[in-house]
Amino acid sequence: MEATFGGLRLRLRARGPGGTPSVRYMALTGAPCPARLDDGRTVAPNTPIAVYDGQVLELGAPPSGLHTYVAVRGGIDVEPSLGSRATDLLSGLGPAPLTAGALLPVGAPGGPMPGVDPAHRSALPDDITLRVVPGPRDDWFDTVSVRTLYRQPWEATSRSNRVADHPVTGGYPVIGVAHAADLSLAGQIRPGGRVWFRPE
């Protein structure tokens with residue numbers, strides 16, 4: 001599940017055979033944010049934590065970045081659409097967007113709990129630099145336009161979204177695309193954030 005700028009509150013319903021209360025492992029990744037369970041435990045990013053039936057997880061606003069992701073062992077067991085269980089707001093594919101009070105089924109874990117080491121990541125920078133692969137229509141732009149792309153910072157606005165130039169709509173020239181390895185970083189740019197582009 002994706003939480004944009006925190007504010008998410010989840011209650012886990014975990015039942016074992018015969019309806020007995022059970023436990024599931026959850027983890028947070030993406031933009032690090034203050035997170036706490038209602039038993040007082042803090043939830044560190046990129047580290048699995050045991051969550052018991054009936055417990056509530058609350059996410060605060062991340063100090064850097066924008067999107068935090070909540071994973072639960074067993075996965076969110078909604079009906080897949082084209083091989084994905086994600087909601088696509090542009091096309092209307094996938095499950096309905098989450099609303100207050102929504103109930104999401106969780107799949108069964110596949111085998112015993114594996115050994116997992118905590119994954120530590122550095123904080124997200126205030127200024128983001130994205131590598132750009134030129135084309136497919138960079139030859140339609142003059143030298144001044146290409147230099148302008150790379151020699152000044154750009155500002156993300158509240159109208160930005162994760163779709164960007166990925167839809168196959170056509171009808172406009174594309175000077176370049178973000179390097180695939182930088183897409184997760186691009187998804188964390190806040191409105192008002194500064195972005196630099198670097199040719200790859």
Side-chain angles (χ1 to χ4, degrees), residues 1-10 26-36 42-47 57-71 76 84-94 97-100 118-138 140-200:
M1 284 172 287
E2 179 183 84
T4 301
F5 209 63
L8 182 65
R9 186 173 186 270
L10 301 171
M26 300 178 76
L28 303 177
T29 190
C33 68
R36 180 177 299 275
T42 58
V43 181
N46 307 308
T47 304
L57 169 66
E58 291 194 63
L59 307 185
S64 64
L66 187 61
H67 303 291
T68 302
Y69 300 92
V70 181
I76 305 300
S84 172
R85 289 181 166 87
T87 299
D88 184 335
L89 297 176
L90 188 65
S91 68
L93 295 173
L98 292 181
T99 57
H120 300 286
R121 293 183 57 185
S122 57
L124 295 164
D126 292 329
D127 283 8
I128 303 287
T129 299
L130 300 176
R131 292 169 291 174
V132 173
V133 178
R137 291 290 179 258
D138 56 313
W140 289 19
F141 295 85
D142 60 27
T143 302
V144 173
S145 298
V146 174
R147 285 180 182 164
T148 300
L149 175 65
Y150 297 125
R151 289 188 176 177
Q152 68 181 35
W154 299 84
E155 182 176 316
T157 72
S158 60
R159 293 181 300 158
S160 65
N161 60 54
R162 72 175 52 86
V163 179
D165 287 330
H166 285 284
V168 185
T169 54
Y172 53 87
V174 177
I175 194 170
V177 295
H179 192 286
D182 290 348
L183 292 179
S184 61
L185 188 59
Q188 294 294 353
I189 300 170
R190 296 179 183 217
R194 294 205 318 168
V195 185
W196 294 84
F197 295 111
R198 177 170 63 84
E200 179 68 6

Query raised in the report: Are the charged groups of Glu58 and Arg9 less than 4.0 angstrom apart, N to O?
Result: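 Counted as a salt bridge, because a side-chain N and a carboxylate O are separated by less than 4.0 Å.
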Distance check, rounded to the nearest 0.5 Å: [X] atom [atom1] versus [Y] atom [atom2]?
X	Y	atom1	atom2	answer
Leu59	Arg36	CG	CZ	12.5 Å
Arg85	Met1	CZ	CE	13.5 Å
His67	Thr29	NE2	OG1	13.0 Å
Leu8	Thr4	CG	OG1	10.0 Å
Phe197	Gln152	CZ	CD	10.0 Å
Leu28	Leu57	CG	CG	6.0 Å

Heavy-atom donor-acceptor pair, [X] side chain to [Y] backbone, under 3.5 Å:
X	Y	value
Trp154	Leu149	yes
Arg190	Gly65	yes
Gln188	Leu66	yes
Asp182	Leu185	no
Thr47	Pro45	yes

Any heavy-atom pair between the side chains of [Y] and [X] that's under 4.5 Å?
X	Y	value
Pro191	Thr157	no
Val195	Ile189	yes
Tyr172	Arg137	no
Val132	Pro199	no

How close do [X] and [Y] get, heavy atom to heavy atom, and via which atoms?
X	Y	value
Pro63	Pro32	CD-O, 3.3 Å
Asp138	Ile175	CB-O, 3.3 Å
Val146	Phe141	CG2-CB, 4.2 Å
Ala31	Ser64	CB-O, 3.5 Å
Arg131	Ala181	NH2-CB, 3.3 Å
Tyr69	Glu2	OH-OE2, 2.9 Å

Query raised in the report: Does the pair Asp127 and Thr129 meet the rule for a side chain to side chain contact (heavy atoms under 4.5 Å, CB included), with working shown?
Result: CA-CA 7 Å; Asp127 283 8; Thr129 299; 5.9 Å; no
Requested in this report: Check whether more than 12 heavy atoms from other residues, nucleotides or ligands sit under 6.0 Å from atom CG of Asp126, and answer yes or no.
Outcome: no
